[in-house]
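Written out below as structure tokens is the structure these notes cover.
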Amino acid sequence: MDIACREQTISKQTEKYKKLATIGLTAACMAFAAVLLKAYMDGNFDSVDTFQKYVTGFGLIAPLFLVAFQAIQVILPILPGLLGCVAGTLMFGCMGGFWCNYIGISAGSIIAFLLARKYGQGLVSRMFPEEKYEKWAIWAAKSKFYTVILFLGMVLPLFPDDYFCYFTGITKMSTRKFVAIILLGKPWCILAYCIMTSMAAG
């Protein structure tokens, strides 16, 4: 009975969390779109140099916004992190964009892991399609190579790492080991995206 009540409570909290997050994210995107439209009309997008000068005018708010955005897109896996990597490089240059993206994505990954560790299967099962969740749960419990695969997934592009941050939170992996995997595995793919974007932008 207690387990059923706990599952129902987590379900309600998850739905409330999703609704509030969706409303907040929609409002933020609309406000951001309005700011970008005004900047475009004012000629601040004429070149990468003019765009970077425009961003510099916001001071510390601009990099903090990107860090927060990248953290949120991991916690709420709606938009691909690649978009933030491209935008960050255009906004702050290759290395500036890299550090903002690395910090934001790493923070979001760790938060997702800790949320799963706290709320358990009730939360994580709602992040995955049911069939995939059951399949991956059985595989992770039996696999001797889950740590290696998770690390490679953090390094390689196109791996559904946002979801696996949640999924890993309900495995037996320690928080210390997960944080080490994130901090050591995340930078390489992000750096590659930033370098390629910088080269494309000229």
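Note that the structure is a prediction, hence the values are computed from the model and not measured.
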Distance-only, no hydrogens or angles: does the [X] side chain make a donor-acceptor pair with backbone N or O of [Y] under 3.5 Å?
X: Ser109; Y: Ile105; result: yes
X: Tyr193; Y: Leu83; result: no
X: Tyr119; Y: Val124; result: no

Can you tell me how far the [atom1] atom of [X] sits from the [atom2] atom of [Y], to the nearest 0.5 Å?
X: Ile190; Y: Ile195; atom1: CD1; atom2: CD1; answer: 12.0 Å
X: Leu90; Y: Thr197; atom1: CG; atom2: OG1; answer: 6.5 Å
X: Thr56; Y: Met91; atom1: OG1; atom2: CE; answer: 9.5 Å
X: Cys94; Y: Trp99; atom1: SG; atom2: CH2; answer: 12.0 Å
X: Ser174; Y: Arg117; atom1: OG; atom2: CZ; answer: 8.0 Å

Ring-plane angle category for Phe178 and Phe113, please: parallel below 30°, perpendicular beyond 60°, tilted otherwise. parallel
Check the angle between the aromatic planes of Phe164 and Phe167 and answer parallel, tilted or perpendicular using the 30° and 60° thresholds. perpendicular
Across all chains, not counting sequence neighbours, the ring-ring contact (aromatic ring centres under 6.0 Å, His included) partners of Phe151 are none
Quick one: side-chain hydrogen bond (donor to acceptor under 3.5 Å, both in side chains) pairs with a partner in residues 82-95, sequence neighbours left out? none
Sequence neighbours left out, what passes side chain to side chain donor-acceptor pair (under 3.5 Å) with Tyr146? Give chain and number order. Thr168
